[in-house]
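Structure first, then comments.
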Amino acid sequence: MWLLVGIVGTLLWMGFIELPHLWKDRRRKDMWVTLVLMLLICAVGMAKALHLLLPNPLDWIAAVIGPFAKAVYACFE
């Protein structure tokens, strides 16, 4: 519970520090990218804090690259 409060508190603290500067400088695209990344990081942090099973990105990369690697090895046999 306290870990979730800490994650949200850190998100809000960083938002109050960073976002007003971006808004004042009229850097809207940078502000939106910052917001999306902060929310994504917050969601992953909360999932880890709740001990949810997160997928491994390396498995996805192996699934995409695997057939290509097999084709390359087959060419050199």
Side-chain angles (χ1 to χ4, degrees):
M1 170 69 182
W2 287 108
L3 191 54
L4 297 177
V5 171
I7 291 170
V8 172
T10 304
L11 174 76
L12 292 174
W13 178 53
M14 293 304 296
F16 284 130
I17 289 174
E18 188 66 31
L19 295 177
H21 296 293
L22 294 174
W23 183 266
K24 185 179 74 174
D25 294 341
R26 296 184 189 268
R27 296 170 62 185
R28 304 285 192 254
K29 290 180 184 177
D30 293 341
M31 184 182 67
W32 282 109
V33 169
T34 303
L35 275 172
V36 168
L37 286 175
M38 286 172 63
L39 290 176
L40 181 68
I41 291 169
C42 182
V44 171
M46 286 184 170
K48 288 292 284 183
L50 293 172
H51 302 290
L52 297 177
L53 182 62
L54 296 175
N56 185 358
L58 292 177
D59 293 337
W60 298 347
I61 294 170
V64 171
I65 296 177
F68 178 72
K70 289 178 185 176
V72 170
Y73 286 134
C75 290
F76 291 114
E77 284 184 345

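All values reported here derive from a predicted model rather than from experimental measurement.
Leu39 is linked by a side chain to side chain contact (heavy atoms under 4.5 Å, CB included) to Leu11, counting only residues two or more places apart in sequence or in another chain. Judged as a side chain to side chain contact (heavy atoms under 4.5 Å, CB included), and not counting sequence neighbours, the contacts of Leu50 are Leu4, Leu52. Legend: residues meeting side chain to side chain contact (heavy atoms under 4.5 Å, CB included) with Val33, ordered by chain and number and at least two apart, are Leu37. In terms of the side chain to side chain contact (heavy atoms under 4.5 Å, CB included) criterion, Ala43 has no residue partners (sequence neighbours excluded).
Across every non-hydrogen atom of Pro20 and Gly15, the tightest pair is CD-O, 3.5 Å.
Met31 belongs to a hydrophobic cluster whose remaining members, ordered by chain and number, are Leu19, Leu22, Trp23, Trp32, Leu35; membership requires side-chain heavy atoms of ILVMFWY residues under 4.5 Å apart, directly or through intermediates. Cluster partners of Val72, by chain and number: Phe68, Phe76. The rule joins Ile, Leu, Val, Met, Phe, Trp and Tyr whenever side-chain heavy atoms lie under 4.5 Å apart.
Annotation: side chain to side chain donor-acceptor pair (under 3.5 Å) contacts involving residues 3-21, sequence neighbours excluded, are absent. Evaluation of the salt bridge (charged side-chain N to carboxylate O under 4.0 Å, His left out) test over residues 29-47, restricted to residues two or more places apart or in two chains, returns Arg27-Asp30.
In the displayed structure, Arg26 atom CZ is contacted under 6.0 Å by at most 12 heavy atoms of other residues, nucleotides or ligands.
The hydrophobic cluster containing Ile41 does not contain Val8, counting ILVMFWY residues as joined when their side-chain heavy atoms lie under 4.5 angstrom apart, directly or transitively.
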